[in-house]
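Please read the structure below before turning to the comments.
By convention here, the first residue in the shown sequence is residue 1.
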Amino acid sequence: MKKLWGGRFTGTAEDWVDEFGASIGFDQELAQQDIEGSIAHASMLAQCGIISAEEAEEIIEGLKKLKEKASNSDLEYSTKLEDIHLNIEHHLTELIGPIGGKLHTARSRNDQVATDMHLYLKAQVEEVIELINEFQITIIDQAEKNIETIMPGYTHLQRAQPISFAHHLMAYFWMLDRDKQRFSDSLKRINLSPLGAGALAGTTFPIDRHLTAEMLGFEGIYENSLDAVSDRDFILEFLSGSSILMMHLSRLCEEIILWSSQEFQFIELSDAFTTGSSIMPQKKNPDMAELIRGKTGRVYGSLMGLLTVLKGLPLAYNKDMQEDKEGMFDTVKTIQGSLKIFSGMVKTMRVKKETMEGSVKNDFSNATELADYLAAKGVPFREAHEIVGKLVLECIQQQCYLADLSLDAYKEMNPLFEDDIYEALNHYNAVERRTSAGGTGFSQVKSQIGKAKELI
């Protein structure tokens, strides 16, 4: 098969060399975007008088037929033609004859591939934002059902203070909201057109880059042709935002895995998102949560891989930049799949309210209530902290909890303790009273859910 750039060459590479250098094995993912960009380019060439209207019409009709074939997975691709651009051009020329060769006037594969990726990533990021939105709605729904569900809050994975389960869930809503903001903001950089920058220096033809940008739905153009073809910041930004998103999802995975364990028993996951064991009949494994936690590494790897590829490249385009696509495609698939799984997993999980609340009755997570109680009566907090620490030690030695101590035992430690100390120790009251802005108090949780709904 004749190389479309082969006029200057007298020798040919062996098949395995062609295969090593070809990108068609993965960049065929860009077929639709490549054809869309070509349709806009052909239309612009005609409007600028570079090719005739009749030629443009014939080229565009041919491209539309190829687009339909591509959408039906009906196009065959060859590694001999290296990439999606040359494969599409070859099919077009076969379909409409030599006139298809006029399509590549005033453009290069360098600005063509950059345009394809901008178009691709724009659509995918919009889809990611929508999937985050759907997951946020799922979190709100679960939170509304569990405002007064009380669980132990943790620091250092040690029980710290009782909190509302809804409050814990809503922490992830706000993480996801920052993720959504990052992706939304990245669209400003994605939504620029490199088309018309040529190989690196623009073109002598009287093209209209603003026209093709408008046709393709871009908000503007790259102002520098070198930057247009060599920029991959928009992909790095996507991979960076994806890495932060996956970190957030992975943290929730870890908690779901813990909560569904026999040791915690705070939740039960639906059978649809768990698996069994081939040898142990009793097992119900949180495999989807574990898998998402594991897939976080591959997203990080894609970010680090592309950063490494780009770090030493001179301007403008270099073949190294062919390595920008596989990690991007894989990350899109990974984060979109993870968000879909998470929405279903959280929506269908059963919250074991009694187990959660039972656990805070049998621990010392209400100890801070005692310190606050004394501080409210004028005892310096550091002194109050020490008093409560001694009370906790006494309980440990007597194998009981703070609510089990007699009032005499409290008064012996400090005479300011009164009967109302038991009301302060109640886990429900301990949560309800935390009404500082952003706190776990039920009124505050309801308030943040209201604000979350407004954002959605």
Short question: side chain of [X], backbone of [Y] - any donor-acceptor pair under 3.5 Å?
X	Y	result
E89	H85	no
R209	L195	yes
D177	F173	no
S164	T440	no
S343	K340	no
R159	S359	yes
D185	R182	no
Q142	V346	yes

For residues [X] and [Y], establish whether the separation of their ring centroids is below 6.0 Å.
X	Y	answer
F342	F273	no
Y222	H118	yes
F135	Y172	no

Ignoring hydrogens and geometry beyond distance, is a side-chain donor-acceptor pair present between [X] and [Y] at under 3.5 Å?
X	Y	value
N366	Y401	no
Q112	H41	no
Q161	T368	yes
Y428	E357	no

**OP:** Show your working on salt bridge (charged side-chain N to carboxylate O under 4.0 Å, His left out) between E36 and K67 and close with a plain yes or no.
**Re:** CA-CA 8 Å; E36 287 170 23; K67 188 175 183 182; 3.6 Å; yes
**OP:** Would you name the heavy atoms of A430 and P162 that are closest together and state the gap between them?
**Re:** CB-CG, 4.0 Å
**OP:** Give the intermediate values and the outcome of side-chain hydrogen bond (donor to acceptor under 3.5 Å, both in side chains) for residues H167 and Q444.
**Re:** CA-CA 9 Å; H167 189 58; Q444 280 297 314; over 6 Å; no
